[in-house]
Each structure stands twice: as C-alpha cells, then as structure tokens.
Novice: 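Sending over a structure as structure tokens; questions will come in a sec.
Since the model is a prediction, treat every value here as computed from it, not as a measurement.
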Amino acid sequence: MSGTDDRSGVGADGTAAGADGDRTGAEPGGTPGAGADAAGHVGGSDAAPTPGAGAGVGTAPTPGADTGSGAKAGSGAEAGAGSGADGAGGPSALTTPRGRRPVVAALMLGMALAAIDGTIVSTAVPQIVGDLGGFTVFSWLFSGYLLAVTVTLPLYGKLSDTFGRKPVLVAGIVLFLIGSVLCAAAWNMGSLIAFRIVQGLGGGALQGTVQTIAADLYPLKERPRIQAKLSTVWATSAVAGPVVGGLLAGYADWRWIFLINLPVGAIALWLVVRHLHEPARPRPAVRPRVDWAGALAVFATGALLLTALVQGGVAWPWLSAPSLGLFGVSAVLAALTVVIERRAAEPIIPGWVWRRRTIASVNLALGALGLLMVAPTVFLPTYAQSVLGLGPIAAGFVLSVMTLSWPVTAALSDRVYNRIGFRLTAIIGIGAALLILLAFPLLPYPGEPWHPALLMLLLGAALGLFQLPLIVGVQSTVGWAERGTTTASVLFCRQVGQSVGAAVFGAVANGVLAARLLDAPVTGLPDDLDAVARALEDPGALSAAATDYLRRAVDAAVDHVYIGAAGAAALALLALVVLAPRRFPVITETAGAPRAAATAADRQDSPS
C-alpha cells in the first residue's frame, strides 16, 4: 500500500489534506471548426467538440490544514459526489433539479453562440470579401476572434472565482451580442475585424464560465447529464454552422450570420438573469483586488505570441524581422508577466496552477490535444478535396463524423472512469488516438472516402474518452473558489496548443510540398498548399500527370502532418504517465464537513 503524494489525505476531523503535496492554507479559494487555411493559419473557435465538463462539487483544503502530508485518502471517503455544496467558497450555483432546467438551457444557448461562430462565419467569407474587400487580411476575421478568446480566458476565470459566475457570464453574453451588432454594421474589412475582436472578448467569458457553471451545477454522479447536453451542442453546431451560414449568405445577406446571434443570446441572457441564483457568500475580511497589471501583461504576452504563431509563414517568413521581433518581445513580456504574477496578492494565473501535479499534467495533456486536433480539422478537408476529389459538402462530412462519436463516448465515459479512475481512462483514450493517427499515413492512395471517415469516427470516440475525464477530474480536485481559474487554465492551454499546432503543422506541410515540387516532372506547378489546392480545383489547368503528381504531394504532406499529430498524442500520453498522479485527489462534501474523497476507482490504494 502506498501513501504517495498523489492523493488527498483525510484527517480525523474530516479536514482535507493537500492534494499533490503543495496545497497550503495560504491559498484559500481565491473549449466548429477552428478555421485555418492550408498554410497553417488558424482561427475561429475550437474545432474539437468540447464536451461540457460537469464536476463534482466540493471544498478546497481547509486553511491551515497540514497540506504537505501527502497522506492517502482515508477509508471514510465516500465514492462519487458530495451533497452539492462547497464549503470553501460557497455551495453550488443551484441545488434543486427544477431550478437547473432553465439554467442548463441558458448554458446550452451560450455554448451554441461560441460553438457555431467559427463554422458559420467561414462559410460566408466569399460574400464578405466580395462586399467589403480586404482579401489579403480576411483571415484576421478568425485570428482576431481566436486571440481575444484565448488571452481573456485566464482573466475571466479569476474574475468568476472572485466575484461569482453570474456577473461574468452576463457580461460575456452582453459583450458578445454587442460585438455581433457591430459586426453586422461593419463598413469595411478593418472595422469587421475590430468588431470580431469585441465578439471574442465576450466569447472568452462564454467558453470558460459555461464550463465552470456546469461543474458547479451537478455533483459528480450526475455530471454525465450536463455533459451529454453540452456535447450535443458542439456536435450539432459542427454540422449546422456551415449549412446555416451558407443559406444566410446565399439567400439573404452575410450580415445575418451575426444578427442571428441576437435572439439566441437574448434568450440565454434572460434565463441567466432570472434563474441563475448564486448563494450569498460571506463578505471577505479584505476587499477582493483584481490584478489588472497581471491581466494586461497576460493579454499583451498572449496577443503577441499568438500573432507570431498564426501569421508566421503566412503573412511573413518565419525568420523575418516581424516574426523574430514578435517572438522576442513575447519572451520579454512573458518574463515580466511571471514577475508581476509572483508579486500580486491575487494573481490572474496563480502559481498553484502549475505546482499541483494534477492540474499541471492536465494542462499539458490538453495543450497537446489542441496541437493534434489541427491535423483533422485543418488538413483533412484539404486532403478530402485535393486527394480524394470530393466536393466541399462531402469533405465536410468526412470530418463531421468525428463529432458524432466524440459526444457519445464522452457522455458514457463516467462508466469507465468510475471503475478505473480518471487518469487510466484518459490514458486509454489518448493511446487509442495515437494508434489511429499513425494509421492515417497507411491509407491506400487515393483510397475511398470511407477510409478516412472511419478513422475520424474512431478518433472522435478515442478523444471523447480522453478529454472529458481529464476536465471532469481536474475540476473535481478544486473547490468552488478555485474552479473558475482551473477551468480557464485548461481551456487556455488547449487554445494555445491549437495555435502552436497550426503554425508547426503548416510549416511541416509546406516543407514537404516544397521538397516534392522541387524535382517535379513538370514545370509551372504551385509551391504551397493553398495554391496547390486551388490548382486542383480546376481540372483543365493541369495535365493528367501533373494533377496526379500534385495529389500525391498533398497526400504526402498530410501524412506528415498526421505523424506530427501522433507525436502530439505521444506528448499527452507522456504527461499523463509521468506527471499525473495515479489517483486524482477528488474533493467532495460529506455530511456537512469538507472531506477528500474519490470515485470508486480513485479512492482505492494503488500498489506500491
């Protein structure tokens, strides 16, 4: 029997001892396609169907407890969820099943606003460019939104922990709707990009706060209920977004793709204001302070770094002055951010996010998930059209099958992690994903459309088994007053991983193409993935031999991207195997006293 530091201990008085050996009483409580062009430009909202994570509610470690003991969970810790109250920061947002229904509806509508955004806008890009011009900068419609969402996630997470979830969610919905109205009124591409950034500022609050409220709303045993509903939103949005966007752009006006947000957002806002009632919390002895200096530093660092990643190799060469300058300034700002955050009384990104093994390992694993998801969401449609010769709709179907299996396994994953634990369930999921990604380069050329479709179906099933247990598990290891920050850190890492993946895999794809086209049997061929894809769309522009050679070059480029995605899956697997504790230190509430408990699997002692 081991008493390793990967489990919370329970003292005789029911006090939760520190998770991962680093919680201290000094720290009271206080995630459609990511659109990307073939060259690696990323944008929009997260492509993966991000299952809503409900988490068991519980308490943070009692201040002053012996948090460094690393004691193993006591035998009195009960499996499953607690009573639905958090002793450290206040009870769950709602406690009655009747009161949950309108709030769940509001969460689903709010999630739909964020989930459908990327796919519905990307469909209308030709009409937008035709009306407003600005073809050379239209990609910032996605990049600007992505930047705003990503860099504001940590700020909104901290604000929701400090001031409550409701004001942050209300502000996010209002800001998103204001941005939507402004986008519909845009007079040129520059104004539309600026207003998309305003939309993204609201989208960051939506993504993080909806996930956090879902965790507050349901105890551990009931979380598959909210998970299934939020997962359905992402799956539906992935399919409905292009259809709705195409209909509005083709038969109405592209401005309606933004105006359609207004009734949806208005209903969500009304439901939140009327039905989401957070219990009153004791007034803190010291007035909460917002680390605005840290927020500005995080925002500036993230904005410059993501700009360098999404524009490098697209708007300018990687080794050019703009790229090197942005990366250099980003590094300086990152160092400055660390200094500011270490001195702040209430930092936006607290140090415990990375000192606790559970949270740090999940952040790294889901950052790798964002990295690997670039392969199917960005490069698979190009493969389906350029190599398999499918039309846009059929190519979209090859990708969309992943959104069918992902929510199913995510919703059913509790039957697995309740038996074998969060960590092992996630390891099985990412291990299966690694094998599936490695199988893609083995597909025959040119192959049948069902070949990649089958792999995507299996990949969605594997990733549903990987992502949800990690989000649910990590949210279950913190109390109410730390859950917003924890959730935001997970989503932030996934978004950054997505941006890094777009940059890295875009460079890989273009590098393989350049090598293949260097000794091409014919001259006059395009030299990057975008230009190759456009050339293949016009069968009469190339000879049969040149067309076949280009198709094989694209096939080789995408194969290398999938090998890189498999490498990202291996990094996620390594993070779980090496860094993640064997048993997540789940915190729950039992009989009115804070206790450290676990699922049926996680509370068992692991062998030495």
Novice: Pair I349, K158 - check side chain to side chain contact (heavy atoms under 4.5 Å, CB included), show working.
Specialist: CA-CA 8 Å; I349 303 180; K158 184 62 179 179; over 6 Å; no

Novice: I want to know whether F466 and W406 have ring centres closer than 6.0 Å.
Specialist: no

Novice: Would you check if D131 and R255 make a side-chain contact, meaning some heavy-atom pair closer than 4.5 Å?
Specialist: yes

Novice: Can you tell me if D161 uses its side chain to pair, donor with acceptor, with the backbone of T485 under 3.5 Å?
Specialist: yes

Novice: Any idea which heavy atoms bring T409 and G464 closest together, and the distance?
Specialist: OG1-CA, 3.4 Å

Novice: Does any non-hydrogen side-chain atom of D414 lie less than 4.5 Å from one of Y417?
Specialist: yes

Novice: Quickly, which of L366, N363, L364 forms a side chain to side chain contact (heavy atoms under 4.5 Å, CB included) with C493? Name it, please.
Specialist: N363

Novice: Could you check Q211 against M111 for side chain to side chain contact (heavy atoms under 4.5 Å, CB included), going step by step and ending with a plain yes or no?
Specialist: CA-CA 9 Å; Q211 295 274 21; M111 187 68 77; 4.3 Å; yes

Novice: Please name the pair of heavy atoms, one in V478 and one in R483, separated by the smallest distance, quoted to 0.1 Å.
Specialist: O-NH2, 3.4 Å

Novice: Report yes or no: does K166 contribute a side-chain atom to a donor-acceptor pair with the main-chain N or O of V273 at less than 3.5 Å?
Specialist: yes

Novice: Indicate yes or no: at least one non-hydrogen side-chain atom of W256 is less than 4.5 angstrom from one of D253.
Specialist: yes

Novice: Atom SG of C183 and atom CG of L141: how far apart are they, to the nearest 0.5 Å?
Specialist: 8.0 Å

Novice: Hey, are Q475 and T486 close enough side-chain-wise for a donor-acceptor pair under 3.5 Å?
Specialist: no

Novice: Rounded to the nearest 0.5 Å, what separates atom CD1 in I430 from atom CG in L463?
Specialist: 6.0 Å

Novice: Work out which heavy atom in L147 is nearest to a heavy atom in G302; give both atom names and the distance.
Specialist: CD2-O, 4.4 Å

Novice: Aromatic rings F422 and F584: how do their planes relate, parallel, tilted or perpendicular, breaks at 30° and 60°?
Specialist: tilted

Novice: Rounded to the nearest 0.5 Å, how far does OG of S180 lie from CG of L259?
Specialist: 8.0 Å

Novice: Under 3.5 Å, is there a donor-acceptor pair between the side chain of T152 and the main chain of V149?
Specialist: yes

Novice: Would a 4.5 Å heavy-atom cut-off, applied to side chains only, mark I128 and M189 as touching?
Specialist: yes

Novice: For a quick check under 3.5 Å, do S160 and T212 share a side-chain donor-acceptor pair by atom type?
Specialist: no

Novice: Please walk me through it: do L201 and Y145 pass side chain to side chain contact (heavy atoms under 4.5 Å, CB included)?
Specialist: CA-CA 8 Å; L201 296 177; Y145 180 89; over 6 Å; no

Novice: Kindly indicate whether the side chain of L326, heavy atoms from C-beta on, has any atom under 4.5 Å from the side chain of L305.
Specialist: no

Novice: Can you measure from CD (Q498) to CG (L369) and round to the nearest 0.5 angstrom?
Specialist: 10.0 Å

Novice: First locate atom CG of L113, then atom CG of L269, and finally report the distance between them rounded to the nearest 0.5 Å.
Specialist: 10.5 Å

Novice: With a 4.5 Å heavy-atom cut-off, do Q495 and L153 have their side chains touching?
Specialist: yes

Novice: Quick one: do W292 and F299 satisfy ring pair (Phe, Tyr, Trp, His ring centres under 6.0 Å)? Show the steps, please.
Specialist: CA-CA 10 Å; W292 293 114; F299 188 94; over 10 Å; no

Novice: Looking only at heavy atoms, what is the nearest atom pair of E341 and I348, with distance?
Specialist: OE2-N, 2.8 Å

Novice: Is there side-chain contact between V408 and L412, with at least one heavy-atom pair below 4.5 Å?
Specialist: yes

Novice: Would F492 and Q207 count as a side chain to side chain contact (heavy atoms under 4.5 Å, CB included) here? Give the steps.
Specialist: CA-CA 10 Å; F492 176 77; Q207 288 196 25; over 6 Å; no

Novice: Considering all heavy atoms of both residues, which atom of L169 and which atom of V210 are nearest to each other, and what is their separation?
Specialist: CD1-CG2, 4.1 Å

Novice: Check side-chain contact (heavy atoms from CB on, under 4.5 Å) between A106 and all other residues, then give those that pass, not counting sequence neighbours.
Specialist: L271, V272

Novice: Mind checking the CG-CG spacing from L470 to L465? Nearest 0.5 Å is all I need.
Specialist: 10.0 Å

Novice: Could you check whether R165 pairs with D216 (Lys NZ or Arg NE/NH1/NH2 to Asp/Glu carboxylate O, under 4.0 Å)?
Specialist: yes

Novice: Under a 3.5 Å distance rule, please check whether T301 uses its side chain to pair with a backbone N or O of V298 as donor and acceptor.
Specialist: no

Novice: For I260 versus V264, what's the shortest heavy-atom pair and its separation?
Specialist: O-CG2, 3.7 Å

Novice: Ion pair present between R356 and E482, side-chain N to carboxylate O less than 4.0 angstrom?
Specialist: yes

Novice: State, with a plain yes or no, whether a side-chain heavy atom of I587 is found less than 4.5 Å away from one of S476.
Specialist: no

